[in-house]
Amino acid sequence: MWIITIRVPGKEPAKYTLKPGGNTIGRHPNNDIVIAEPSASRHHARIDYNRNTDTALLQDLSSTNGTYVNRRRLSFTYRLQHLDMIRIGSSTLNVVIRGTEEPLDAIKGPQKFTRERLLEALDHHTVLLYQISERLNTVMNLPECLEEVASLMKQAMGADKCKVILKEQFHKLEDLGFPSTIAQSAIKEKSSVVIPDMSKSDAINSSDSAALLQIKSALCVPIMSENEVNGLIYMYKSMPESRPFTHTDLQVAIAISHQASLTIQRVNLLDKVQEEQSLRQMFQRFVSPQEVDYVLRDYDLHGTMPGLKERKISVLFADITDSTGLAESMGAKEFGKLLNKYYLEITNIIFDKGGVVRYLGDGVMSVFGMSDEQINHNLSAVQAGIATIKHIKTFSNEFDRPVNLRLSVKTGYAVVGYVGTSQRVEFTVLGDLVNVAHGMLQHAKPNRLLVGEETYQKISDEFSMEPMKPIKVKGRKRPVNLYEVLLEN
C-alpha cells in the first residue's frame, strides 16, 4: 500500500492512498490530489500505480513551475521509492510504503538531537521552514511566539494537541500536563522522544497522569540553543485511527523546533533591547551619559541595577537662598518657570562633570564618583560648584530677579546605589557624609562654596581657599572643619 502525505502550508497534513491506474495532481478540483496554490498548474503531475508489480511512476505534465523529487527537478518518468519527497511549489508530498502492521519509516524511543540530524531536517524541509519563518518573523513577544509555535506544530504534524514549555517552567512539568518521564528523558539525553503507542510503552510511570493512557502516539522535541535545552515541545495524537508519528514527522518537528529556538532568541533579544532603551531613557533624567553606560553594563552582567554599596564619593549640595521670599514676590507660576530653568542649567553642569543629580525641592544634591572611584571626584564636584555660581549671575538676569545659591562639598564614605523597579528608579545616598554636607550649607554666604577637610586636602593645590571657624552639625559630637573656595571676580 502506497501512502502519500500531503503537506500544504497553513493546513494540516492529509493522507492519500494511491489507487491502481492514474492518480492526478494539480490545482484543479477534479484532481485526485489537489494542490490549491498558485505555483501548481491546473493539471501538474500524475502518478501511475501498478498493483501487480507494486510500482508507482511519477511524471510531470509539462507544468509551468516543475515537479521536484528529493530536491531535483523531474525531467523524465521517475519510479518512486519509499520515503521519496515530492515538491510542487511550497507543498510537499511524502511517499511511504506501508506493510500490514506499521509504516516502514516508523520510529520510536529517544533520538539524539545531533547537528547532523538537524541539518538533515533542514535540508529536507526548506520550503516548509521558509513558510514557517515568514509567520514567526512577525511575532514580537514571547507568549505570542510560544502560541504560534504550538499552532504550527499541531498543524504541520496533524496532532490533536501541542504544548510548548520553556526552561524556567521545567519544575512544574506535571502541572502543565507534560508526562514527566518523557520530558526528563528529552532534557537529560538532549533527545527527541517518540512513543508510537503510549498504552504499550514503559516510558510512563505511576506518577504520570492516567490521561496519558488515552493518548495513541506522542512526540517530545527539545528546543536547543548552543547545546542547551531551553524548552520542550510536546504533542500527541489521541484518535484510535491515528497513525503513529513517523521519521518524516520527526524531521518536521526538529526543523520547526530549530526555527522556534531562533525566534525565541530573537524575541528575548528584542525584549532586552527594549528594556535597556527604557532604562536608558529613565536614567538619563538624572544620570550623566557615562553613568548610564556604567549602570547598563552592570545590568547586562547581573540582570539587575547596581545595588547599594559603600563607596568613597564627593557630595555637592546647592540650595537657593530665601526661596520662600522669592516665590512670594514672583508668584507660583513664574517661580515654577525659574525652578525648571534652574534644574536644567545645573543638571547640564553636573552631567558635564560626570555627576549624578537628585532634586530636593528648591535644592539639588549631586554625587560624584558613584561609578568610578579612580576619578578625581573631589575636583569634579568643586568645579561643578564653581561653574554653577558663575552661571547663576547670567541666570538671574533672565528673570530680572537676584537669585543666589549656597553650595557645599564634602568627601568621604557613604552607601550609594539605585533602588526601585524597571518602571521607576532612583539613586540614593545614605550615611553621615550626607548629613554633614547638607549641614554645611547654612554656613555658606550667598554664591559661595564651602568644602570639608578631606576635599580641601585633595584639591588645595588647585584653588585658593581660606579656613573658616569649625562648625557643629546636629547629631555629631566632633566639630567639622570648613574651607571657603575663593572665586576669581
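- A distance of 8.0 Å separates OG in Ser314 from CG in Asn376, rounded to the nearest 0.5 Å.
- Looking at Ser257, its side chain does come within 3.5 Å of a backbone N or O of Ile254 through a donor-acceptor pair.
- The shortest side-chain heavy-atom distance between Ile313 and Leu433 falls under the 4.5 Å cut-off.
- Across every non-hydrogen atom of His443 and Met468, the tightest pair is O-CE, 4.0 Å.
- For the residue pair Tyr359 and Thr347, a side-chain donor N or O sits within less than 3.5 Å of a side-chain acceptor on the partner.
- In this structure, Lys445 and Asn404 have side chains that are not in contact, with every pair of non-hydrogen atoms separated by 4.5 Å or more.
- By the 4.5 Å heavy-atom criterion applied to side chains, Val451 and Phe463 are not counted as neighbours.
- Sorted by first then second residue, the side chain to side chain donor-acceptor pair (under 3.5 Å) pairs that include residues 322-335, not counting sequence neighbours, are Ser323-Asp362.
- Closest approach of Phe351 to Gly355, counting heavy atoms only: CD1-O, 3.6 Å.
- A heavy-atom distance below 4.5 Å is not found between the side chains of Asn230 and Ile264.
- Residues Ile233 and Cys162 form a side-chain contact, since some pair of their non-hydrogen atoms from C-beta on lies under 4.5 Å apart.
- Closest heavy-atom contact between Val221 and Ala253: CG2-CB, 3.6 Å.
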Worksheet item: How far apart are the C-alpha atoms of Met365 and Val434, what are their side-chain angles, what is the distance that settles it, and do they pass the side-chain contact (heavy atoms from CB on, under 4.5 Å) test?
Response: CA-CA 9 Å; Met365 177 181 71; Val434 179; 4.2 Å; yes
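- Although no hydrogens or angles enter the test, the distance criterion places a donor-acceptor pair under 3.5 Å between the side chain of Glu37 and the main chain of Ser91.
- For His438, the ring-ring contact (aromatic ring centres under 6.0 Å, His included) partners two or more places apart in sequence, or in a different chain, are Phe317.
- Thr455 contributes no side-chain N or O that, together with a main-chain N or O of Asn378, makes up a donor-acceptor pair within less than 3.5 Å.
- Looking at Thr263 and Arg266, their side chains come closer than 4.5 Å, going by heavy atoms from C-beta outward.
- Atom CD of Glu147 sits in a sparse spot, with 12 or fewer heavy atoms from other residues, nucleotides or ligands closer than 6.0 Å.
- In this structure, Ser261 contributes its side chain and Met224 its backbone to a donor-acceptor pair below 3.5 Å.
- From Leu482, atom CG reaches atom CE of Met440 across 5.0 Å, with rounding to the nearest 0.5 Å.
- Taking all atoms of both residues into account, the shortest heavy-atom contact from Ile187 to Val229 is O-CG2, 3.9 Å.
- Applying the side chain to side chain contact (heavy atoms under 4.5 Å, CB included) test between Val382 and each of Leu316, Ile459, Leu407 identifies Ile459 as the sole match.
- Under a 3.5 Å cut-off, the side chain of Asp352 and the backbone N or O of Asn348 do not form any donor-acceptor pair.
- Residues Val364 and Ile350 have side chains in contact (heavy-atom distance under 4.5 Å, counting atoms from C-beta outward).
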Discussion item. Could you go through Ile386 and Leu487, starting from their C-alpha distance and side-chain angles, then the distance that decides it, and tell me whether this counts as side-chain contact (heavy atoms from CB on, under 4.5 Å)?
Written reply: CA-CA 8 Å; Ile386 293 173; Leu487 305 178; 3.8 Å; yes
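- Looking at every heavy atom in both residues, Ala218 comes nearest to Tyr234 through CB-CE1, 3.9 Å.
- Two residues are said to be in side-chain contact when any heavy atoms from C-beta on lie closer than 4.5 Å; Lys312 and Glu454 meet this criterion.
- For Lys190 against Pro222, the heavy-atom pair with the smallest separation is C-CG, 4.4 Å.
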